[in-house]
Colleague: 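One structure coming up, written as structure tokens, with questions to follow.
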Amino acid sequence: MAKTKKLFAALTRRGPHRVLRGDLAFAGQPGVVYTPESGFNLPGIAFGHDWLTGTDRYTGTLEHLASWGIVAAAPNTEKTFAPSVLNLAVDLGTTLDIIAGVRLGPGKISVHPGKLGVVGHGFGGSAAVFAAAGMGSRLKAAAALFPAVSSPPAEQPAASLQLPGLILRAHSDASSIRSNADALGRAWSSSTLRIVSKGDPGGLVEGRRLAKAFGLPGADKGTQKAVRALLTGYLLFTLTGDKTYRDFADPEVTLPKTVALDPEAEQPTLEDKVVALLKG
């Protein structure tokens, strides 16, 4: 466990790679891509944003992943008041096709088609589940960070997933009418659900946020730091097979800045969630 704590501490900081930024529009997809300065056959992920949030609100997280050798691309679509989770899922798949199909940067960067994953936050977390279900065996892993309820529900495709998955939630998500983290965890048999200590479901978003006008929280540096470390370690193991980070994908290991799940805890009913919402 001491070794894992040291790895976690290291992963909270930027990695050893200088980071480059590119525009996905060159391939017809609005969005951004962050890469290490060079490297062939790298792992790559497509990242889905939360409701009323654009890719510029995740710059630090995308740069963090790239600094650890993971190409991180994000479509900048479905930012309206009534976005389509299915359309964002399609855009995530298109984004992966782009980064795995062309040389990036000055021609010194490529993504291995067998080292791909999808990640999403909030609304984008559910979109990532739909994308994973649609891409099947082409992906090595998926992650839903504080996922949010969507229409249609992401629990349906989650039940068909066999690839490894990471689901992160906050303590407050257990009684939140917006969160579907626990439901996804039950439906997705090959996923690992972790509770982030003092995690803020909306805290991964950087800077000021339009959605704050609707009662959604803003940036939280503690949440960002913990999530970036948990996600990076998980992807380094699942996408590249680096056994150094095996513990980050082991559901039996309680990682730093997380608390163990209580298997005996009662699941709150919809009525309980409504009451919690009204009290909040």
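In this chain, numbering begins with 1 at the start of the sequence shown. What you see is a predicted model, and the numbers here were worked out from it, not measured in a lab.
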Colleague: Are the side chain of His112 and the backbone N or O of Gly114 linked by a donor-acceptor pair below 3.5 Å?
Modeller: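 Checked: pair present.
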Colleague: Between Thr223 (side chain only) and Gly203 (backbone N and O only), is there a donor and an acceptor less than 3.5 Å apart?
Modeller: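 No: the side chain of Thr223 does not pair with the backbone of Gly203.
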Colleague: Is a salt bridge present between Arg14 and Glu63, judged by a nitrogen-to-oxygen distance below 4.0 Å?
Modeller: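 Salt bridge present between Arg14 and Glu63.
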Colleague: How far does NE2 of His17 sit from CG of Leu42, to the nearest 0.5 angstrom?
Modeller: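 Going from the NE2 atom of His17 to the CG atom of Leu42 covers 7.5 Å.
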Colleague: Would you say Leu52 and Lys79 make side-chain contact, with heavy atoms under 4.5 Å?
Modeller: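 Sidechains of Lys79 and Leu52: no contact.
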Colleague: Using modelled atom types and a 3.5 Å cut-off, is there a donor and acceptor pairing between side-chain atoms of Asn76 and backbone atoms of Thr55?
Modeller: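 Yes; judged by distance alone, with no hydrogens or angles, the pair exists.
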Colleague: Any donor-acceptor pair under 3.5 Å linking the side chain of His64 with the backbone of Leu11?
Modeller: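 Such a contact is found between His64 side chain and Leu11 backbone.
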Colleague: Checking the side chain of Tyr234 only, and the main-chain atoms of Gly165 only, is there a donor and an acceptor separated by less than 3.5 Å?
Modeller: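 Yes, the answer is positive, given that a donor and an acceptor are paired below the 3.5 Å cut-off.
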Colleague: Under a 3.5 Å distance rule, please check whether Ser179 uses its side chain to pair with a backbone N or O of Ser176 as donor and acceptor.
Modeller: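 Flag not set: sc Ser179 to bb Ser176 has no pair under 3.5 Å.
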Colleague: Going by heavy atoms in the side chains, are Val32 and Leu24 under 4.5 Å from each other?
Modeller: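 No. Closest side-chain heavy atoms not under 4.5 Å.
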Colleague: About how many Å separate OG of Ser67 and OH of Tyr34, when rounded to the nearest 0.5 Å?
Modeller: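 Tyr34 OH to Ser67 OG: 12.5 Å, rounded to 0.5 Å.
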Colleague: I need the single residue from Leu62, Ile99, Val71 that forms a side-chain contact (heavy atoms from CB on, under 4.5 Å) with Thr35. Which is it?
Modeller: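 Between Thr35 and the candidates, side-chain contact (heavy atoms from CB on, under 4.5 Å) is satisfied uniquely by Val71.
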Colleague: If you look at every heavy atom in Val118 and Ala131, which pair is closest and at what distance?
Modeller: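 Of all heavy-atom pairs spanning Val118 and Ala131, the closest is CG1-CB, 4.3 Å.
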Colleague: Of the non-hydrogen atoms in Ala143 and Leu231, which two are nearest, and what is the gap between them?
Modeller: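 Shortest heavy-atom separation between Ala143 and Leu231 comes out as CB-CD1, 3.8 Å.
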Colleague: Using a 3.5 Å distance criterion without hydrogens, assess whether the side chain of Ser126 forms a donor-acceptor pair with backbone atoms of Phe123.
Modeller: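 No, because the side chain of Ser126 does not come within donor-acceptor range (under 3.5 Å) of the backbone of Phe123.
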Colleague: Would you mind reporting whether Val259 and Thr254 have side-chain heavy atoms less than 4.5 Å apart?
Modeller: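 Thr254 does not reach Val259 side chain to side chain.
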Colleague: Check this for me, if you would: do Arg228 and Glu206 make a salt bridge, where the nitrogen-to-carboxylate-oxygen distance has to be below 4.0 angstrom?
Modeller: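 So Arg228 pairs with Glu206 through a salt bridge.
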Colleague: So how far is it from Asp250 CG to Thr192 OG1, rounded to the nearest 0.5 Å?
Modeller: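 So the CG of Asp250 and the OG1 of Thr192 are separated by 7.5 Å.
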Colleague: Can you check whether Val227 reaches Thr61 side chain to side chain, under 4.5 Å on heavy atoms?
Modeller: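 Counting from C-beta outward, Val227 and Thr61 never come under 4.5 Å.
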Colleague: For Glu37, does the CD atom sit with more than 12 other heavy atoms under 6.0 Å from it, leaving out its own atoms?
Modeller: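 More than 12 heavy atoms, drawn from other residues, nucleotides or ligands, come within 6.0 Å of this atom.
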Colleague: Return the minimal non-hydrogen interatomic distance between Phe237 and Ala249, and the atom names on each side.
Modeller: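 Answer, listing the atom of Phe237 first, then Ala249: CD2-CB, 3.5 Å.
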Colleague: Check this for me, if you would: do Asp50 and Arg178 make a salt bridge, where the nitrogen-to-carboxylate-oxygen distance has to be below 4.0 angstrom?
Modeller: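 Salt bridge between Asp50 and Arg178, a charged N being under 4.0 Å from a carboxylate O: yes.
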Colleague: Nearest 0.5 Å, please: how far is OH in Tyr245 from OG1 in Thr238?
Modeller: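 OH of Tyr245 is found 12.5 Å from OG1 of Thr238.
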Colleague: Measure the CG-NZ distance between Asp220 and Lys198 for me, rounded to the nearest 0.5 Å.
Modeller: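 Between atom CG of Asp220 and atom NZ of Lys198 there are 10.5 Å.
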Colleague: How far does CD1 of Ile195 sit from CZ of Arg169, to the nearest 0.5 angstrom?
Modeller: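 If I round to the nearest 0.5 Å, the distance is 4.0 Å.
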Colleague: Without hydrogens or angle criteria, can the side chains of Ser190 and Trp188 be said to hold a donor-acceptor pair below 3.5 Å?
Modeller: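 Short answer, yes.
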Colleague: Do Tyr58 and His121 meet the criterion of a side-chain donor-acceptor pair at a distance under 3.5 Å?
Modeller: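 Judged by distance alone, the side chains do pair up.
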Colleague: Considering non-hydrogen atoms only, spot the tightest contact between Leu230 and Leu166 and give its length.
Modeller: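 Scanning both residues completely, I find the closest heavy atoms to be O-CD2, 4.3 Å.
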Colleague: Would you find a donor on one side and an acceptor on the other, under 3.5 Å apart, between the side chain of Ser110 and the backbone of Asn41?
Modeller: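 Yes: the side chain of Ser110 pairs with the backbone of Asn41.
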Colleague: Between Leu235 and Phe248, is there a side-chain heavy-atom distance shorter than 4.5 Å?
Modeller: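 The answer is no; the side chains never approach within 4.5 Å.
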Colleague: With the 4.5 Å side-chain cut-off for hydrophobic clustering, are Leu168 and Val149 part of the same group?
Modeller: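 Hydrophobic grouping puts Leu168 apart from Val149.
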Colleague: Hey, does Pro152 have a side-chain heavy atom less than 4.5 Å from the side chain of Val85?
Modeller: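 Yes, close enough: below the 4.5 Å cut-off.
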Colleague: Examine Val90 and Phe130 and state if one hydrophobic cluster contains both, with Ile, Leu, Val, Met, Phe, Trp and Tyr joined whenever side-chain heavy atoms are less than 4.5 Å apart.
Modeller: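 No, it is not one cluster - the side chains of Val90 and Phe130 are not joined through contacts under 4.5 Å.
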Colleague: Compare all side-chain heavy atoms of Leu65 with those of Ile45 and state whether any distance is below 4.5 angstrom.
Modeller: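 Counting from C-beta outward, Leu65 and Ile45 do come under 4.5 Å.
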Colleague: Is it true that Asp97 and Arg138 make a salt bridge, defined as a side-chain N closer than 4.0 Å to a carboxylate O?
Modeller: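 Judged by the 4.0 Å cut-off on N to carboxylate O distance, Asp97 and Arg138 do form a salt bridge.
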Colleague: Applying the 4.5 Å side-chain criterion to the ILVMFWY set and letting contacts propagate, would Leu92 and Leu139 be lumped into a single cluster?
Modeller: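 No, no single cluster joins them.
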Colleague: Is the number of heavy atoms from other residues, nucleotides or ligands under 6.0 Å of Lys140 NZ greater than 12?
Modeller: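 Count over threshold, so yes.
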Colleague: May I ask you to decide if His49's main-chain N or O and Thr53's side chain share a donor-acceptor pair within less than 3.5 Å?
Modeller: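 No, because the side chain of Thr53 does not come within donor-acceptor range (under 3.5 Å) of the backbone of His49.
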Colleague: Main chain of Leu236, side chain of Thr240: is a donor-acceptor contact present, judged purely on distance under 3.5 Å?
Modeller: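 Confirmed, Thr240 side chain pairs with Leu236 backbone.
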Colleague: Do Ile167 and Phe146 make a side-chain contact, defined as non-hydrogen atoms from C-beta onward lying under 4.5 Å apart?
Modeller: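 No, every pair of side-chain atoms sits at 4.5 Å or beyond.
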